[in-house]
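Read through the structure below, which is laid out as structure tokens, and then see the notes.
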Amino acid sequence: MFTTIILGAGKSTRMKANKSKLLFNIAGKPVINHIVESVKGARSRNITCVINSQSKDLKKILIGSKIEVVVQKQLDGTAGAVKSVLATKKPGNSTILILCGDTPFIKDSSIKKIVNKLKSSEACIGTVELDIPKGYGRIIRTKNNISRIIEEKETTLEQRQIKEVNTGVIAIKENLLRKYVGLINNHNSKKEYYLTDIIKILIENNHKVATFKFTDELEIAGVNSKVDLVRLEQRYLRAKAESLLESGTLIRDPSRTDIRGNLHVSGNVEIDINCVFEDEVKIGENSTMGHNCYFNRCKIGKNVHIKPNTIIFGATIGDNCIVGPYARIRPGTVLKNDSHVGNFVEVKNSVIGSRTKINHLSYIGDAVLGTDINIGAGTITCNYDGDKKHKTIIESNSFIGSGTKLVAPVKVSKGSYIAAGSTVTRDTPGGGSLTIARSKQVSIPKWKNRSIKGKK
Ligand code: UD1
Ligand code: MG
């Protein structure tokens with residue numbers, strides 16, 4: 001059992017922005033959400049995040065995720081942040097895990113391994129070897145054992161060559177943390193209380209400090225600036241796309257595919273360039289995704305063809321459907337098997353029955369469509385009266401002529417024909433009948449000369 005402190009009160013100066021770096025989105029969600037998910041996944045008993053007094057938006061997110069929040073009044077360094085939390089809690093004898101809130105991709109499995117190291121030691125530091133260790137605290141070892149951490153600003157030229165760095169992850173017995181954190185001083189170039197100085201104090205007092213070496217740099221990379229944010233996101237997304245490609249999904253260009261959430265694919269799926277996947281997306285076998293498509297919280301069936309420039313958000317697409325190009329499928333929509341939604345068609349909160357086709361320039365909102373319906377180009381469900389949304393029902397085997405307006409609430413009964421250009425305001429009888437609801441066409445002769453008086 002362990003409890004966690006996430007450090008997130010820093011000024012984020014290097015971010016050059018007016019909000020905390022933990023609020024910036026990376027791979028589809030804020031940096032802080034990634035780390036909170038990992039800590040929860042590792043089964044931390046309690047999670048507290050330290051923030052500064054300006055971080056109102058950060059506080060909102062944390063409270064939403066049921067994380068305790070403590071404000072660090074004086075931003076005097078990472079040791080100061082830890083002291084602010086300890087001051088709010090009754091002393092206990094648990095293990096405390098401390099993480100920097102700016103390392104989004106740490107895995108829960110690594111957290112567990114670090115905490116487990118405390119079965120045979122009193123503290124454990126996560127470290128990693130980096131080819132370019134710039135910006136990180138360096139691990140100083142004496143006869144193989146860690147003896148201290150030196151922040152980059154305090155290193156000598158020689159120490160700066162050390163490639164093993166501090167990841168910012170530490171697990172420590174609570175009694176030792178409480179005993180020694182107060183002994184850390186701020187005699188350094190930043191005049192800050194560096195939590196990392198606790199290692200030297202522990203070693204000097206004969207406590208056993210272990211290390212855990214991360215092998216995947218991505219896990220511990222910190223987001224300190226916009227350059228870090230963008231480069232880290234690119235590496236992460238690239239790695240995700242590559243791994244999907246290696247496992248058999250034909251991703252045309254992993255450097256132009258953004259899997260920001262969780263993408264679950266079955267066999268023989270093809271994904272063309274510039275597709276973005278957010279939140280949870282499932283794709284069934286033999287389906288193809290054209291270029292420039294956006295997917296968010298959706299389920300796509302087998303043998304589906306999503307044509308280029310399509311947006312699918314919060315919808316379910318059945319088997320053998322064809323969607324797009326340039327279609328927008330909005331939340332609450334279900335396309336049943338074998339249906340087609342084509343060019344410049346928007347569908348919202350509607351059910352589209354099997355084999356029904358809406359192929360061009362239409363808006364279908366708050367509607368239920370049966371099977372085997374043909375919706376002509378430019379058909380619009382007028383679902384909003386300025387106050388409330390109303391439902392349109394189109395029963396199976398109906399044919400809706402081009403340019404029809406269906407003023408909801410309205411029902412088109414089974415087997416109806418609607419003449420092109422109709423404005424339908426009442427239910428139709430169906431059963432093979434044709435409904436025409438448009439003004440009669442008249443032609444006025446000599447219209448051209450109407451205003452030319454006196455002229456022959
Ligand atoms: C820190 C470590 C460094 C490590 C690196 C890994 C220290 C002193 N240094 O450096 O050894 O290699 O992380 O990413 O710990 N924070 C507070 N209160 C403060 C100052 C900072 O809560 O007064 C928070 C920040 O919001 C941040 C975390 O602590 O989430 C680390 O601070 P940051 O400024 O990013 O430290 P680094 O220079 O990255
Ligand atoms: Mg940092």
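We count ligands from 1, going down the list as the structure has it; atoms in each ligand are counted the same way. All figures in this text were calculated on a predicted structure; none of them were measured in a lab.
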field: Sequence-distant partners of His390, ring pair (Phe, Tyr, Trp, His ring centres under 6.0 Å), two or more places apart
entry: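 Counting only residues at least two positions away or on another chain, His390 forms no ring pair (Phe, Tyr, Trp, His ring centres under 6.0 Å).
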I want to check something: taking the side chain as every heavy atom from C-beta on, are [X] and [Y] in contact at a cut-off of under 4.5 Å?
{"X": "Asn93", "Y": "Lys173", "result": "no"}
{"X": "His305", "Y": "Ser287", "result": "no"}
{"X": "Asn46", "Y": "Glu68", "result": "yes"}
{"X": "Pro30", "Y": "Phe24", "result": "no"}

Could you see which bit of [X] sits under 4.0 Å from ligand 1, with heavy atoms only: side chain, backbone, both or neither?
{"X": "Asn52", "value": "neither"}
{"X": "Thr167", "value": "backbone"}
{"X": "Lys190", "value": "neither"}
{"X": "Val50", "value": "neither"}
{"X": "Glu192", "value": "neither"}

Output yes when the distance from some N or O of ligand 1 to some N or O of [X] is under 3.5 Å, and no in every other case.
{"X": "Leu7", "result": "yes"}
{"X": "Asn224", "result": "yes"}
{"X": "Leu195", "result": "no"}
{"X": "Ile149", "result": "no"}
{"X": "Gly10", "result": "yes"}

query: Do we see a donor-acceptor contact under 3.5 Å between the side chains of Tyr194 and Asn186?
result: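 Looking only at side-chain atoms, Asn186 and Tyr194 do not form any donor-acceptor pair under 3.5 Å.
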task: Decide whether Asp253 and Ser255 meet the rule of one side-chain donor and one side-chain acceptor closer than 3.5 Å.
output: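 Yes, side-chain donor-acceptor contact under 3.5 Å.
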- request: Answer yes or no: does atom NZ of Lys302 have more than 12 heavy-atom neighbours from other residues, nucleotides or ligands under 6.0 Å?
  value: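 No, not enclosed.
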[X] near ligand 1, heavy-atom distance under 4.0 Å?
{"X": "Asp102", "answer": "yes"}
{"X": "Gly80", "answer": "no"}
{"X": "Lys21", "answer": "yes"}
{"X": "Gln74", "answer": "no"}

In terms of atom number and element, which parts of ligand 1 are under 4.0 angstrom from non-hydrogen atoms of [X]?
{"X": "Tyr194", "value": "8 (C)"}
{"X": "Gly137", "value": "3 (C), 4 (C), 11 (O), 12 (O)"}
{"X": "Leu75", "value": "23 (O)"}
{"X": "Glu151", "value": "2 (C), 3 (C), 7 (C), 8 (C), 9 (N), 11 (O)"}
{"X": "Gln72", "value": "17 (C), 18 (N), 19 (C), 22 (O), 23 (O)"}
{"X": "Ala81", "value": "17 (C), 18 (N), 22 (O)"}
{"X": "Tyr136", "value": "6 (C), 12 (O), 14 (O)"}
{"X": "Asn166", "value": "2 (C), 3 (C), 4 (C), 6 (C), 11 (O), 12 (O)"}

- request: Quick one: pull up SG in Cys100 and CD1 in Ile170 and give me the separation to the nearest 0.5 Å.
  value: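 Here the interatomic distance stands at 10.5 Å.
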query: To the nearest 0.5 Å, how far apart are CD in Glu219 and CG in Asp216?
result: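 So the CD of Glu219 and the CG of Asp216 are separated by 5.5 Å.
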message: Whether Glu151 and Lys190 form a salt bridge (side-chain N of Lys/Arg under 4.0 Å from carboxylate O of Asp/Glu) is what I want to check.
response: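 The answer is no: the pair does not qualify as a salt bridge.
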Looking at [Y], is its backbone amide N or carbonyl O close enough to the side chain of [X] to form a donor-acceptor pair, meaning the two atoms are under 3.5 Å apart?
{"X": "Asn52", "Y": "Ser55", "value": "yes"}
{"X": "Thr333", "Y": "Ala315", "value": "no"}
{"X": "Asn343", "Y": "Asn359", "value": "yes"}
{"X": "Asn292", "Y": "Asn309", "value": "no"}
{"X": "Thr156", "Y": "Gln159", "value": "yes"}
{"X": "Lys226", "Y": "Lys16", "value": "yes"}

query: What is the ring orientation for His34 with Phe105, classed by angle as parallel under 30°, tilted 30 to 60°, or perpendicular over 60°?
result: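 Ring orientation of His34 relative to Phe105: perpendicular.
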When you measure from [atom] to every protein heavy atom, which one gives the shortest distance, and what is it?
{"atom": "atom 37 (P) of ligand 1", "value": "Arg14 NH2, 3.9 Å"}
{"atom": "atom 8 (C) of ligand 1", "value": "Thr78 OG1, 3.4 Å"}
{"atom": "atom 22 (O) of ligand 1", "value": "Ala9 N, 2.8 Å"}
{"atom": "atom 31 (C) of ligand 1", "value": "Cys100 SG, 3.6 Å"}

- prompt: Under 2.8 Å from the Mg ion (ligand 2), which protein N/O/S atoms are there?
  reply: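 Within the sphere that stays under 2.8 Å of the Mg ion (ligand 2), the protein atoms of type N, O or S are Asp102 OD2, Asn224 OD1.
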Proximal candidate to atom 20 (C) of ligand 1 [heavy atom criterion; set Ser55, Pro133, Gly77]: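 Ranked by closest heavy atom to atom 20 (C) of ligand 1, first place is Gly77.
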- prompt: Which one of Lys348, Lys388, Arg330 satisfies the salt bridge (Lys or Arg N to Asp or Glu O under 4.0 Å) criterion with Asp366?
  reply: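 It is Lys348; the other options fail the test.
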